[in-house]
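Following: one structure in C-alpha cells, then a few remarks.
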Amino acid sequence: MSVEKRTQSIDLSHHLSELSKARLTSPLKGLMKYFNQPGILSLAGGLPSPAYFPVSDISANVLVPESFALTPTESSTSLSWLWKLFGTSHNATKERTQAVTIPKYPAIKGDISLADSLQYGPAVAQAQLQDFLKHFISEVYRPAFRDWTVLIDTGNTDGWSRAVMTLCNPGEGVLCEEWTYPSAMASMIPFNILPVPVAMDGLGMKSDDLENLLSRWDPVSRQMPRPHVMYIVPVGQNPSGSTMSVARKKQIYDICVKYDVIIVEDDPYYFLQLGMYAFKDDRSPSATPSGKPSADESKRYVSTLTPSFLNFDYEGRVIRLDTFSKTIAPGSRLGWFTCNPVFAERLERQGETSAQSPCGFGQAVITKILTHWTYDGYIRWLRGLRTEYQQRRDFFIDCLAEEFHLHAVPAVAGVWEGCIMYQASSKVKKSTGMTEKYSAQNRTMFSFVPPVAGMFVWMRLHLDQHPSFAPGDRDTLETKLWTKLGENGVLFGPGWMFAANAMAEDPDHNDSGHFRISFSNVEFADLKKAVTIFGRVIREFFQEDL
Ligand SMILES: Cc1ncc(COP(=O)(O)O)c(C=O)c1O
C-alpha cells in the first residue's frame, strides 16, 4: 500500500481493561522528556553517575551476516550442520567474525554509548534501536495504518502477558487456535481470562468457525461476554506448524473488524518460512542466490514472505509481537510491539512500572549487532537462518521416511484439512540378515504434515489402531507412549499440553494423541538416533497386547 493511501488508526480505547485505564504515568518517568532537553541541569532523578558504571566498553566478535549459506548445497562460512555432523563440534576456526566495540563515551555523537545504555532509559527503546526497528517494520511489515508505534519488551512472553493485562478484564475470554502455545494460556488463566478455542485446518484458525462462534455467541449460556481479543500464531504455528495464507488472514481480519476484535499476532517464527518439504530424491538443487547483503536481495526476499496481519490493518486493531529469541538469541530477552499509539502508551505505562525497560546490556549489544550489520545485513542473516532450519526440518523428515512407510493422502478434516498428510506405518526392517520381529503392517501408527514454517512437527498418534484402544483411552495411551520414549532416552512434547481447552470433550480428537517434535536444537546425528529409537519404541507399542 502506498504511503499516501494509509489510514489513521481508529479509536479503539474502549478495548482497554479497567486495570490499564487505571494506570498513571510513573511520576518520575513522566519527567523523562525533560531529562533529554539539551542544556538542562537535571537534579531531579535518582540517576547514578555513569562515571561509576564499572564497564568501560563492551567488545564482541560478531558473525558476519552471510555466515550461513542460502542453499543447502553451498558451503557456509560458519558452523553449518555439516560441520556439526562431521567436524569437531564447536569448531570456532570456521567462523568468520568481525569485532565491534561499544564504548562508554563514544567519540562520534549518536553512536551507541554505554553511558546511555546502562542508565535508566526510555521504556520504548534506546534511540538507535527505535530507529532500526521503525525502518525494519516499514520495509518488512508495511502496516496499512499510518500512526503505528513501536515499543520494546522483553520478548513475546512479556509482550503477550502485557497485552492481556492491557486489554482483558477477569471473566473475559480470548479467541485462540484450538491447539496453542501453553505459556500464552498460562499467563492469562490465573486471572480468570479463559481461552476460547476456534477450530483449525491446514491454514490455521478457520474463518467460518470464527464467524459462527462470534455470530452465535450467547453470553448467558457461555457465562462470558463475547470475546474482543484474539491470540493467534499465524506462521509456523506452535504446535501444529500450520501457516496462514494471505486470503485466510484477510478473512480473519475482516471478521475481527465486523465483531470489533483486537488481534494479537504472536509471530516468533515469521522468518523461519521454510517452504514445502520434498523427499530427498525429489529435491532439485536450487540456483545459488547471491550471498552478499544487498538492497535488491532484501527487497526480493521480503516480497517472498507471507504478509503480517499489520499489512491489512487499516484500523490499527492489530498488536504485533516480535522477538529476537529465534533470530538472535532467547537470552537477549528482547522483542517489540507494533501497534496503535493508544495501546502503545498504555503498554508503556505498564512496562515502566514493572521491568522499566529491557536490560541495557542486551539492548546495547543487539543494537550494535543490528546497526553494524545494517538492515540489509540483518535480512541476509535471516535468510541464512531460514536455510539452516530448512535443512534441519528436511533431515528430520528424511529420517522418518527412512524409518517408516510414509503414505501420502489428502487430509479431508481436522487440523490438516486441505493438506497432503503422511500416514506412517511400520517398515519391514532387516537387521544382521534377519527380518526383525516387526512385520510390515497396514496399521497407521501416526501421521503428520511437514511444516512449511517454524520449528515443529506436529504428530498425530492413531491410538485407535492400538490393540488395546478403548474410547476415552486416548490420554492414557498418549502418556504411556510418551513415558516409554522418555525411558528410552527420547523426549517429545506431549500433545495434551497444547490443547487450548484441555477440559473440552472434542470428538475430533477422541481417538488420537499428539506429540510436538522440535527439530531445531538437536544435532543431526542425534536427530537420526532419536528417530531410530522412536521407530523401535512405537512399533513395540503398537504390537502390544495388553
Ligand atoms: C508462539 C510462541 N510465542 C512466544 C514464545 C516465546 O517467545 P519469547 O522468547 O520472545 O518470550 C514462543 C517460544 O517458544 C512461542 O512459540
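All values below were derived from every heavy atom in this structure, side-chain atoms included, with hydrogens, water molecules and symmetry-related copies excluded. One-based numbering, in listed order, for ligands and for the atoms of each.
- Remark: D322 pairs with R320 by the salt bridge (Lys or Arg N to Asp or Glu O under 4.0 Å) rule, at least two apart or across chains.
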Verdict with reasoning, Y270 to T327, per side chain to side chain donor-acceptor pair (under 3.5 Å): CA-CA 10 Å; Y270 187 78; T327 60; over 6 Å; no
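- Judged by the 6.0 Å and 45° rule, R222 forms a cation-pi pair with W217.
- Sparse packing is recorded around NZ of K250, with 12 or fewer heavy atoms of other residues, nucleotides or ligands lying under 6.0 Å away.
- Each of I137, L310, N340 was compared with W148 under the side-chain contact (heavy atoms from CB on, under 4.5 Å) criterion, and only I137 meets it.
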Does ligand 1 have any N/O atom under 3.5 Å from a protein N/O, and what are those pairs and their distances?
| unit_1 | atom_1 | unit_2 | atom_2 | d |
| --- | --- | --- | --- | --- |
| ligand 1 | 3 (N) | D266 | OD1 | 3.3 |
| ligand 1 | 3 (N) | D266 | OD2 | 2.6 |
| ligand 1 | 9 (O) | S325 | OG | 2.6 |
| ligand 1 | 9 (O) | R333 | NH1 | 3.0 |
| ligand 1 | 10 (O) | N156 | N | 2.7 |
| ligand 1 | 10 (O) | T323 | OG1 | 2.7 |
| ligand 1 | 10 (O) | S325 | OG | 3.3 |
| ligand 1 | 11 (O) | N156 | N | 3.3 |
| ligand 1 | 11 (O) | T157 | N | 2.9 |
| ligand 1 | 11 (O) | T157 | OG1 | 2.5 |
| ligand 1 | 11 (O) | R333 | NH2 | 2.8 |
| ligand 1 | 14 (O) | Y269 | OH | 3.2 |
| ligand 1 | 14 (O) | K326 | NZ | 3.0 |
| ligand 1 | 16 (O) | N238 | ND2 | 2.8 |
| ligand 1 | 16 (O) | Y269 | OH | 2.5 |

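- Taking the six-membered ring where the residue is Trp, F534 and F515 present perpendicular rings, their angle passing 60° and hence far from 30°.
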